[in-house]
Amino acid sequence: MRAKKRKDLIIIVMFLLPAIVIFACFIAYPVGDTIFLSFRKWKGIYGASREWVGISNFTKVLADKDFWKSLLNSFYFMIGGFVILMPLSFGLALIITSKIKGAKLMKTAYFMPVMLGTTAVALMWVYILNPSYGAVNEILRFVGLDKVTKDWLSTPTLNIWCVILVNEWMFAGYNMLIFAAGLVSIPGDLYEAAQLDGCTGWKKIRYISIPLSKESFKIFSILCVTGCLKAFDIVWAMTKGGPNRSSEMPATLLYNEAFTYKNFGKSSAIGVILLVLGIVLSLGMNQIFRRKE
Amino acid sequence: MKKMRKMAAILLAGMMVLSMTACQGSGGSTDDTDASGSSGDTGKSGKNVEISVSTRYASDNPDETYYRDMVGKFNEMDNGIHVTLDNIATESDYLDKLRTSFANGDTPNVFIEYGGSRCYDYLESDALLDLSTYLNEDKEWYDSFYDSMWGQSVYDGYDGIYGVPFKSYMVVLYYNKDLFEAQNLTPPTTYEEFLSCCETFSAAGITPLQVGEKDVYRFGHFNNCLVIKSMGVDGVDKLASREIAYDGQEMMNTYQIMADMVSKGYFGNDILDMDATAENSAFESGNVAMHYDGSWYVANNLMGKDFYDHVGVINFPYIDKAYENHNQGGSSDIWFISKLDKSEEEIAASVEFLKYITSNDYFAGNNEVASAIYPAEFTVTDATPENPLLEDINKIVAATTDMRTDVQNYDADSSMLDTVRNSLQGLAMGNSAAECAAQIMEEVNAFEE
């Protein structure tokens, strides 16, 4: 009996080993190293001493205006996520799960930006938003709205909103699938019963689709909050956090601190703060959803 | 069934371990293609030393094509050394990769940097090879370089020479002869004349300058010229020692000049959405009156083009007459050898490669395809094409009494260059001179803490 248990244990360990090794190498070790580095001063040269500086990296980060500005930009990303991306994705999910003609074609069309890849999408929009020859300003000039034309990616605050809108355009299709998965799992007879009771159109969405998609909203919310905190690629490809650090996000700030300014300790401190913030926000969201349940 | 499950588990775990080992093993070798395309298994003694060389020379311009061809020829020699190239054209990407390699310890054997305080951290961490022994052993090699070119390769508090100059430059002002003639203007020598030209061109609907400030070094170079032409090279040294403050009146004046030029549109339109390449194209389109740039601009952008004959070149206008012949210039691209985890054979091979790539023959051949100003003396061959613009630049170089490269290259803070350039970019967004100074001072104060 004991030998059998031992055998089973070995099998369990063997099956778990790949996941544990991957987790240890690619998550636990880097996180541990980042925490270790966040209390040290290191100029980013292999073998060079890493001087213990206590919590000074953290105090420097928290006293840094650019850090708070980058968090504000993250907050804008979250606002965009909940106010624009969530309703948009849910609306698209309603369309592709409905029985209207061409739903399949729409599903592919909406998902297309996700398949294009971040860099391709970002570059495309950089050209579209170019103030001299970009399509947006050209259209505005064509319709006589010359005064509305802007230098979209170089004007502070406006530039981060442009990036947010491009991000929403790109990920609407991806999030649409999350909501669509929830919508198709709602039993059809619920809608039929509701229809018999006179519940049609918007009311069906209000009283059946939205409440029964709670799990999808929960997944979206956690993905959105954590995704907004760590957003890097789209910002880097469109503005590199500039000009003059005006569109910096915490992740681009982290990168610049490490690789432009060689403050690897401060950069790691930003990473640790982001990690803690991500965990706290995710737990907070879970609590909120649990309470509502 | 149970046996199957057990086998699957063992197989999975085994594959995992194997793949990890394979990952580790691949770190020691490289499958990058070399410059000649050969496998590189030659060698006098049968022992092949493999060295990696990182540069920004990835473009198709004659200068960089020549470099790659010459490395290819080096690989074809029977010297037991095989060079693998890693070329990344974009400056920021190149520097990011280089910095990452220093962080993880997998540095190239030989690499190009710009010297000065930017390399100070590498030096402080004992990652750079002191080349003075090799240069002293080969006096001919050392003496071939102009004395003024070693400034960015030596450091206070550290004995030795840590880099070998490869390229040199001077920032000058190019102008469109046709547009100046059409407006009855003579090329400016003083800053007042320069501003007056800008005003005339602007009034005539011609863009005086078109700057591509998406590449932050553009305003950086302009500010360098303002500093050097108003305070001389002493001003640069005083800034480095903090005798002159970045928020002092002297520096505030330079920011103010730039802020005023931005607000008057003298730097052109959409400058934050335009990079240096687009800036060059704008000047070469013939609709922009002036263009400040390094001497490399002639070889890289003008040689062989019809536009060449329409361009003139002058010294950057001075603000204080005393500094008329103080200029921004010096050695730009400098070779360094990393000794982080490198064997003696690799270091010896790296030095041999450096001697080859900075030899008289190399520079003479380079001069035939892409004439420029060089950090070393060499015999000019008959095959070198005529280049009146370069001759004019050489006259400016000859008249130069003192020069400095990027102002922040002499600073004790290795990230000062990026700090100042980023803050100057704020001027293009409409920031005031005071805001620009405040941003720089934040970094200065943080460094001093």
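Below, read A as the first sequence line, B as the second, and so on, with proteins coming before strands; counting in each chain starts at 1.
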(request) Please state whether the side chain, the backbone, both or neither of B:D341 comes within less than 4.5 Å of a heavy atom of chain A. (result)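 Answer is side chain: those atoms of B:D341 sit under 4.5 Å from chain A.
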(message) Return the CG to CG distance between A:L153 and B:D273, rounded to the nearest 0.5 Å.
(response) 6.5 Å
(message) As an exercise, state the distance from CE of B:M274 to CG of A:N130, rounded to the nearest 0.5 Å.
(response) 8.0 Å
(request) Side chain from CB out, backbone as N, CA, C, O: work out which of these in B:Q439 comes under 4.5 Å of a heavy atom of chain A, or both, or neither. (result) side chain
(request) Evaluate whether atom NZ of B:K342 has more than 12 neighbouring non-hydrogen atoms of other residues, nucleotides or ligands under 6.0 angstrom away. (result)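 Atom NZ in B:K342 is crowded, with more than 12 foreign heavy atoms closer than 6.0 Å.
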(message) Would you compute the distance between atom CD of B:E435 and atom CG of A:N244 and round it to the nearest 0.5 angstrom?
(response) 9.0 Å
(message) Check this for me: B:Y158, atom OH, are more than 12 non-hydrogen atoms of other residues, nucleotides or ligands nearer than 6.0 Å?
(response) yes
(message) So for B:E124, is it side chain, backbone, both, or neither that comes closer than 4.5 Å to the heavy atoms of chain A?
(response) neither
(request) Assess whether atom CD1 of A:I79 is packed by more than 12 heavy atoms of other residues, nucleotides or ligands within 6.0 Å. (result) yes
(message) To check you understand the geometry: which heavy-atom pair defines the closest contact between A:P243 and B:Q425, and what is its length?
(response) CA-OE1, 3.4 Å
(message) For B:K339, is the NZ atom crowded, meaning more than 12 foreign heavy atoms sit under 6.0 Å from it?
(response)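 Above 12, so yes.
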(request) Please report the C-alpha distance between A:Y46 and B:T107 in whole Å, then the side-chain angles of each, then the deciding distance to 0.1 Å, and finally whether the side chain to side chain contact (heavy atoms under 4.5 Å, CB included) criterion is met. (result) CA-CA 9 Å; A:Y46 182 75; B:T107 57; over 6 Å; no
(message) Counting only heavy atoms not in B:K97 (residues, nucleotides, ligands), do more than 12 fall under 6.0 Å from its NZ?
(response) no
(message) Is it the case that the side chains of B:D270 and A:S132 hold a donor-acceptor pair, with the cut-off being a distance below 3.5 Å and no angle test?
(response) yes
(request) Heavy atoms only, distances under 4.5 angstrom: which of A:S49, A:S154, A:A48 has the most pairs with chain B? Name it, please. (result) A:S154
(request) Using non-hydrogen atoms and a 4.5 Å limit, figure out which bit of B:S92 sits close to chain A: side chain, backbone, both or neither. (result)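 Side chain of B:S92 only, per the 4.5 Å heavy-atom cut-off to chain A.
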(request) Work out which heavy atom in B:M429 is nearest to a heavy atom in A:S246; give both atom names and the distance. (result)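 In this case the closest contact between B:M429 and A:S246 is CE-CB, 4.2 Å.
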(request) Quick one: closest heavy-atom pair of A:W42 and B:A103, and the distance? (result)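 Closest pair (atom of A:W42, atom of B:A103, distance): CH2-O, 3.6 Å.
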(request) Look up atom CG in B:D96 and atom CG in A:N256, then write down how far apart they are to the nearest 0.5 Å. (result) 8.0 Å
(message) Quick check on the interface: out of B:S125, B:S101, B:A127, who has the most heavy-atom pairs with chain A under 4.5 Å?
(response) B:S125
(request) Hey, could you give me the CD1/CG distance between A:I45 and B:L123, rounded to the nearest 0.5 Å? (result)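 It comes to 9.5 Å.
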(message) How long is the straight-line distance from NZ of A:K43 back to OG of B:S415, given to the nearest 0.5 Å?
(response) 5.5 Å
(request) Specify which of B:N422, B:D418, B:D121 makes the most heavy-atom pairs with chain A at under 4.5 Å. (result)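 Top count of heavy-atom pairs under 4.5 Å with chain A: B:D121.
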(request) Locate the shortest heavy-atom distance separating B:R99 from A:F259; write the atom from each residue and the value. (result) NH1-O, 2.6 Å
(message) Please determine whether the number of non-hydrogen atoms from other residues, nucleotides or ligands lying under 6.0 Å from atom CG of B:D156 exceeds 12.
(response)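 No, because the 6.0 Å sphere around CG of B:D156 holds 12 heavy atoms or fewer from other groups.
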(request) Sort B:N431 into side chain, backbone, both or neither according to what part of it lies under 4.5 angstrom from a heavy atom of chain A. (result) side chain
(request) Answer yes or no on whether A:K262 is positioned over the face of B:Y122, meaning its NZ or CZ is under 6.0 Å from the six-membered ring centre and within 45° of the axis. (result) yes
